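Each remark here refers to the structure printed beneath this line.
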There are 2 protein chains.
Amino acid sequence: MSRPPSHDPKRTLTLRDVSEASGVSEMTVSRVLRNRGDVSVGTRERVLEAARSLGYVPNKIAGALASQRVNLVGVVIPSLSNMVFPEVLSGISETLDDTGLQPVVGVTNYSPEREEAVIYEMLSWRPSGMIVAGLEHTEASRAMLAQAGIPIVEIMDIDGAAVDSAVGISHNRAGRQMAEAIIAAGYRRIAFLGTMMPHDHRARKRLQGFEEALARAGLELADREFYSGGSALLKGREMTEAVLKRSPDIDFLYYSNDMIGAGGLLYCLAQGIDVPGRVGLAGFNGVELLDGLPRRLATMDACRLEIGRKAAAIIAGKHDGVIGGEVIELFPTLEPGDTIRKG
Amino acid sequence: MSRPPSHDPKRTLTLRDVSEASGVSEMTVSRVLRNRGDVSVGTRERVLEAARSLGYVPNKIAGALASQRVNLVGVVIPSLSNMVFPEVLSGISETLDDTGLQPVVGVTNYSPEREEAVIYEMLSWRPSGMIVAGLEHTEASRAMLAQAGIPIVEIMDIDGAAVDSAVGISHNRAGRQMAEAIIAAGYRRIAFLGTMMPHDHRARKRLQGFEEALARAGLELADREFYSGGSALLKGREMTEAVLKRSPDIDFLYYSNDMIGAGGLLYCLAQGIDVPGRVGLAGFNGVELLDGLPRRLATMDACRLEIGRKAAAIIAGKHDGVIGGEVIELFPTLEPGDTIRKG
DNA sequence: CGGGCGGCTGTTAGCGGTAACAATAGCGGA
DNA sequence: TCCGCTATTGTTACCGCTAACAGCCGCCCG
């Protein structure tokens with residue numbers, strides 16, 4: 001009795017199927033498909049033809065197990081709806097594209113426990129490297145990353161201790177710089193409007209740096225307002241209204257991100273409030289969206305694309321090199337736009 | 001000579017390390033860690049303790065190869081910067097969270113070749129299912145998906161033939177509906193403003209349905225404008241200005257997405273143009289952003305979250321059941337907002 | 001004319017788990 | 001006391017592929 005026809009549509013194909021179809025050993029097929037080692041032109045073509053006509057798709061699981069090599073890079077970020085992270089991702093994939101490495105994204109929703117779970121899950125696939133947003137992680141997360149024996153890059157933030165490498169900006173300094181610019185422009189009654197997220201450490205550090213700079217000038221926040229959930233643009237509008245009604249003497253509103261800042265700007269314009277004369281405004285991130293607004297909101301570019309690129313480059317570079325932590329600090333530029341009084 | 005100390009920080013741990021540390025067989029450790037099969041309480045605790053203290057992270061590659069089961073679901077989408085897809089993703093992960101399945105995202109940038117590569121790459125990891133945006137794929141892509149022997153769900157669109165299952169809306173019908181509403185409101189000189197993307201089939205189908213409905217009413221597009229790249233909000237602004245200058249008699253602007261529609265709305269308001277009296281506006285998608293605008297743009301909800309949920313549910317449900325294609329059509333609701341004249 | 005070498009292909013032995021089945025122990029009932 | 005059954009744990013055989021090495025052949029060179 002002969003073997004069942006190899007065209008059985010049920011069973012998924014293996015190297016053996018291709019090897020039988022092309023009359024060479026599995027090893028040779030493997031070599032052809034990976035383009036590794038010497039194979040004669042004739043054999044190569046016969047194998048490729050067989051693979052193509054069968055519709056063979058290699059099994060990377062088996063391949064990875066045998067070769068102890070996985071072309072995956074884990075990327076752990078808090079959110080996809082923030083616009084900031086998709087842009088970091090662009091930088092990452094752009095750079096990884098040339099290297100044969102591939103990013104795999106995990107989202108934590110700003111939850112440390114979820115982050116721990118995501119990291120565990122990713123490490124269990126034995127990736128070639130990991131890119132993780134932020135420096136704050138659970139004890140277990142740091143331990144896992146440190147033990148993994150692969151390059152780890154923590155991104156976005158450099159105010160703290162990294163497990164291995166880090167690429168980012170100092171949010172503390174960014175907050176400070178913005179405060180200094182605001183004070184220099186003559187504003188004195190300054191309010192902060194932000195998200196209510198205990199785990200958004202970067203926003204926290206910006207606020208901290210901001211308040212430090214205020215203190216150094218003998219000032220303190222005149223008011224503050226937080227929100228969570230909902231449309232950021234709308235929340236920016238609402239919070240702005242609330243703050244201005246509550247504290248009519250406020251002369252500057254510092255937002256923790258551009259989206260709510262844009263909402264505030266639209267509100268002020270609609271109310272006929274003189275910006276930046278009566279009230280000044282500033283956000284953070286430099287999102288593309290701002291370009292379409294009636295007036296350019298003051299902001300600070302967070303170097304997102306560049307952070308993604310540099311992080312990916314570190315992983316790609318270390319591919320089989322030594323593991324040595326390097327910290328790359330980028331410097332955001334303050335874009336004063338039209339919502340801060342000139343000198 | 002004794003074995004080197006098992007605390008060697010270089011080598012990554014295996015089941016054997018845990019088994020030796022806890023004095024039971026590898027099989028028992030495997031059972032404990034997967035919570036499968038009967039293990040005595042004492043043994044279980046001993047094993048868990050050993051695993052924890054060693055910092056053992058299972059190797060899913062080996063596990064998947066041995067068990068022929070992979071808890072991954074491939075998700076292939078054209079872009080992350082569109083806001084639409086992150087939302088679909090939310091629906092997917094939300095539903096998958098309960099099932100032990102995990103989404104893995106791949107981005108194609110609206111390129112069919114890139115999509116083919118991404119699908120190939122994903123299938124080579126033998127996922128439990130695939131969710132792919134759109135119905136248009138290369139011949140090879142469709143063949144691979146069909147051959148894979150796993151549930152395939154094509155999302156967003158149902159105007160066409162699916163490989164297996166599909167969940168989405170009819171973009172053709174959506175365009176038609178919007179046109180009918182616009183005509184019913186009395187607008188006659190209608191322009192279209194959209195993206196220049198030959199591979200955005202859904203936008204194309206909307207426009208097609210839109211024009212069909214116009215034709216049925218004896219009308220045709222009075223003008224059209226396309227853009228590519230850049231800030232959508234800004235482009236919406238610029239395109240609107242261009243169209244209104246070129247064709248001053250235009251009385252309605254139909255945008256292919258809400259972002260450029262919002263730009264157009266801001267432009268009109270800034271110019272003091274009477275909306276919806278002199279000019280009516282409509283977009284597509286129902287993005288959250290719109291809530292924060294000074295006036296509510298007419299739009300059509302694309303059921304993004306629901307599409308994600310339903311698609312994930314199909315994959316999860318079929319986990320080990322029969323593979324049978326089902327097509328789920330969702331019906332977007334037209335939200336007239338404040339930018340279409342009332343009856 | 002023989003050894004050596006390079007080009008090509010095959011063989012063997014896992015990679016680190018898990019399915020399936022075997023083995024062992026402890027216990028109650030006949 | 002012996003048997004059978006259940007609860008628990010161990011053994012064996014791969015999963016599909018690749019590293020490492022072995023084998024074969026023809027040709028060049030001394």
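Per chain, numbering begins at 1; letters A, B, ... match sequence-line order. Computed from a predicted structure; not experimentally measured.
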Quick one: salt bridge (Lys or Arg N to Asp or Glu O under 4.0 Å) partners of [X], sequence neighbours excluded?
X      : answer
B/R202 : none
A/E113 : none
A/E116 : none

Please check if any side-chain donor atom of [X] sits under 3.5 Å from a side-chain acceptor atom of [Y], or the reverse.
X      : Y      : answer
A/T108 : A/S111 : no
A/T138 : A/R142 : no
A/S40  : A/T43  : yes
B/E136 : B/H199 : no

Mind calculating the distance between [atom1] ([X]) and [atom2] ([N]) to the nearest angstrom?
X     : N      : atom1 : atom2 : result
B/L33 : C/dG16 : CG    : C1'   : 13 Å
B/R34 : C/dG16 : CZ    : P     : 17 Å
B/E26 : C/dA19 : CD    : P     : 15 Å

Base, backbone or nothing for each nucleotide of nucleotides 21-26 of chain C, written B, S, -, heavy atoms under 4.0 angstrom, 5' to 3'?
-> ------
Any side-chain heavy atom of A/V153 sitting closer than 4.5 Å to one from A/V132?
-> no
Residues of residues 40-49 of chain A with any non-hydrogen atom less than 4.0 angstrom from an atom of DNA chain D: list those, numerically ordered, please.
-> none
Pairing of B/D97 and A/R114 as salt bridge, 4.0 angstrom limit = yes
Electrostatic pair A/E306:A/R309 at N-O distance under 4.0 angstrom = yes
Please check the phosphate of C/dG17 (OP1 and OP2 only) for any side-chain N or O of B/Y56 closer than 4.0 Å.
-> yes
side-chain hydrogen bond (donor to acceptor under 3.5 Å, both in side chains) between B/N109 and B/E115, intermediate numbers included = CA-CA 8 Å; B/N109 290 317; B/E115 182 184 76; over 6 Å; no
Could you tell me from which nucleotide to which nucleotide of DNA chain D, 5' to 3', there is an atom under 4.0 Å from chain B heavy atoms?
-> D/dT8 to D/dG16
Mapping B/S67 and B/M27 to their closest nucleotides on DNA chain D, which lands nearer the 5' end?
-> B/M27
5′-ward residue of the pair B/G23/A/P58 relative to DNA chain D = B/G23
Among C/dG17, C/dG7, C/dA19, the one nearest A/D38 by side-chain distance = C/dG7
